Amino acid sequence: MAVNPSFVLRAVKDVAIEDRPKPKLRDDHDVIVHVAQTGICGSDRGRIGPYVVKAPMVLGHESSGVIAEVGAHVTHLKPGDRVAMEPGVPCRRCSYCRRGAYHLCGGIIFAATPPWDGTLAKYYVNASDFCYKLPETMDLEEGAMVEPVSVAVTIARTADLRPHQTVVVMGCGPIGLLCQAVAKVYGAGKVIGVDVVQSRLDIAKSYGTDETFMPTRPAEGVDAMEHAETVAEQMKEKLGLGEGADVVLECSGAEACVQLGIFVARRGATFVQAGMGKENVMFPITAVSTQGLTIKGSIRYLAGAYPAAIDLISSGKINVKKLITNRFKFEQAEEAFELVRQGRSDVFKVMIEGVRD
């Protein structure tokens, strides 16, 4: 019988289930988690910006599970507790950590980011203070969804969202939809979801989005930047945005959406880039200066994002269940990743059940 079945990325497009040793507690503040559910993220593909797979690596970072073992100094958790796992453990000692910006720690150990193994295994060892006990009102699928909701909470906090603002969210994938939901909970006056796929816009409406918009694609020979400006004016007029949005959250990573997002922002607006597409894009930088925009990047999770996400889900303010479109057993992990790789518009969040005893 396998000790610790693990779903391993050996090289690009080369994956397999391997039996690995059961992890050991690294120090007395660690816990070992029997992983129960893992969501697949678009970043689970072996390269995230400068991080590239150079050796076989276990995939997965959106996970929940049940505590199997605790270190001698762990007092807030015990075997049998159900937890959501925050997958990035910082060094706690650098200047970023010491000022509370641990998401920017250069020495962070982040699951499934090379060279660190991820959570798609029977057992995973994590720092106990980065495991959050789930309330009785949440199941383990919802526990795995705490990760993407924490991303959305972080994006909203990075934007310094305020009540009554007009918020445009570029992209209606899982993170975009969750950003729209968080913006509504945080009191946004008007939330607008933008996507080029009608089925995704339809789901956005069920997440409390006030308006949706499908931009047209440029005709052959039309300059992309000029087209973005034209579509931005159409958006402002059709949706009653006046001079533009107070906040733009770019969650697609698509070059055209980045451009459109800049042009649809009003003077003095905040633009947060969260989506990651191709490495470099044509960017309307002059508009950033002439419009006096504040541009921010968002990555991982700010301190307190995980508890906030658990509260949003457990209180019923955000329904994450309807985002889960596909479920697979652990033995079907390769099939699950292939489905995500295809990029189908009807696939939102794919969930993989953990290895059972």
Side-chain angles (χ1 to χ4, degrees), residues 42-43 47-50 104 151-152 154-162 165-173 175-177 179-180 182-183 188-197 200-201 204 209-300 343:
S43 67
R47 177 171 186 146
I48 308 165
L104 299 176
V151 171
T154 294
I155 293 166
R157 283 175 50 186
T158 299
D160 194 22
L161 269 184
R162 303 295 176 90
Q165 287 181 317
T166 296
V167 180
V168 168
V169 180
M170 310 300 298
C172 293
I175 297 300
L177 290 173
C179 279
Q180 292 163 37
V182 169
K190 180 183 273 191
V191 177
I192 297 158
V194 179
D195 206 290
V196 294
V197 179
R200 299 201 163 208
L201 295 176
T209 303
D210 298 291
E211 304 271 5
T212 59
F213 184 83
M214 183 186 293
T216 57
R217 299 181 188 273
E220 192 172 341
V222 174
D223 179 79
M225 212 67 80
E226 288 180 12
H227 180 72
E229 282 194 84
T230 300
V231 174
E233 291 307 313
Q234 292 170 353
M235 272 188 72
K236 292 175 190 176
E237 184 175 346
K238 180 181 179 183
L239 302 174
L241 299 182
E243 293 192 5
D246 300 302
V247 175
V248 176
L249 308 179
E250 206 301 301
C251 300
S252 74
E255 183 173 47
C257 284
V258 174
Q259 295 163 353
L260 177 57
I262 292 292
F263 288 123
V264 84
R266 66 159 177 81
R267 292 192 296 276
T270 297
F271 178 100
V272 177
Q273 184 63 44
M276 287 188 277
K278 62 182 183 179
E279 300 277 311
N280 301 294
V281 299
M282 285 285 290
F283 185 76
I285 197 163
T286 301
V288 172
S289 297
T290 58
Q291 294 289 93
L293 303 181
T294 298
I295 308 291
K296 296 181 176 182
S298 185
I299 185 71
R300 301 179 181 136

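Bear in mind the structure is a predicted one, so any value in this text is a computation, not a measurement.
Side chain of Gln180 to main chain of Gly176: a donor-acceptor pair is present (N/O by atom type, distance under 3.5 Å, no hydrogens or angles). A donor-acceptor pair is defined here as one N or O able to donate and one able to accept, closer than 3.5 Å; no such pair exists between the side chain of Glu237 and the backbone of Gly240.
Note that CD1 of Ile299 and CD of Gln273 are 11.0 Å apart. Values are rounded to the nearest 0.5 Å. Taking CD1 of Ile175 as the start and OG1 of Thr154 as the end, the distance is 10.0 Å to the nearest 0.5 Å. Rounding to the nearest 0.5 Å places CD of Glu250 at 10.5 Å from CD of Gln259. Separating the CD1 atom in Ile262 from the CD1 atom in Ile295 is a distance of 4.0 Å, to the nearest 0.5 Å. For the atom pair Met225 CE and Phe263 CZ, the distance stands at 6.0 Å (nearest 0.5 Å). The NZ atom of Lys238 sits 8.5 Å away from the CD atom of Glu211 when rounded to the nearest 0.5 Å.
Taking 4.5 Å as the limit, every side-chain heavy atom of Thr270 sits out of range of all side-chain heavy atoms of Asp160. Inter-residue side-chain proximity for Arg162 and Asp246 is flagged as unmet; no heavy-atom pair is nearer than 4.5 Å. Inter-residue side-chain proximity for Ile192 and Leu241 is flagged as met; some heavy-atom pair is nearer than 4.5 Å. No side-chain heavy atom of Val248 sits less than 4.5 Å from a side-chain heavy atom of Leu260. Taking 4.5 Å as the limit, every side-chain heavy atom of Leu177 sits out of range of all side-chain heavy atoms of Thr209. Between Cys172 and Val197, the closest side-chain pair of non-hydrogen atoms is not below 4.5 Å.
Put simply, the residue from Val272, Leu249, Asp195, Ile155 that forms a side chain to side chain contact (heavy atoms under 4.5 Å, CB included) with Val169 is Leu249.
The salt bridge (Lys or Arg N to Asp or Glu O under 4.0 Å) test applied to Asp223 returns no partner, not counting sequence neighbours. Residues satisfying the side chain to side chain contact (heavy atoms under 4.5 Å, CB included) test with Thr230, not counting sequence neighbours, are Gln234. Residues satisfying the side chain to side chain contact (heavy atoms under 4.5 Å, CB included) criterion with Val222, sequence neighbours excluded, are Pro218, Ala219, His227. Listed by chain and residue number, Val196 satisfy the side chain to side chain contact (heavy atoms under 4.5 Å, CB included) test with Arg217 (two or more places apart in sequence, or in another chain). Among residues two or more places apart in sequence or in another chain, the salt bridge (Lys or Arg N to Asp or Glu O under 4.0 Å) test is passed with Lys190 by none.
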Would you list the atom pairs, donor with acceptor, under 3.5 Å between side chains in residues 280-293 and any protein atom, with sequence neighbours excluded?
{"residue": "Thr290", "atom": "OG1", "partner": "Thr286", "partner atom": "O", "Å": "3.2"}
{"residue": "Thr290", "atom": "OG1", "partner": "Ala287", "partner atom": "O", "Å": "3.4"}
{"residue": "Gln291", "atom": "NE2", "partner": "Ala265", "partner atom": "O", "Å": "3.4"}

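For the pair Gly297 and Thr158, the tightest heavy-atom approach, listed with the atom from each and the gap, is O-CG2, 3.9 Å. Across Gly189 and Asp210, no two heavy atoms sit closer than the pair O-OD2, 3.9 Å.
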Using the side-chain contact (heavy atoms from CB on, under 4.5 Å) rule, take Phe213 and Val231 through it: C-alpha gap first, then chi angles, then the decisive distance, then the call.
CA-CA 10 Å; Phe213 184 83; Val231 174; 3.7 Å; yes
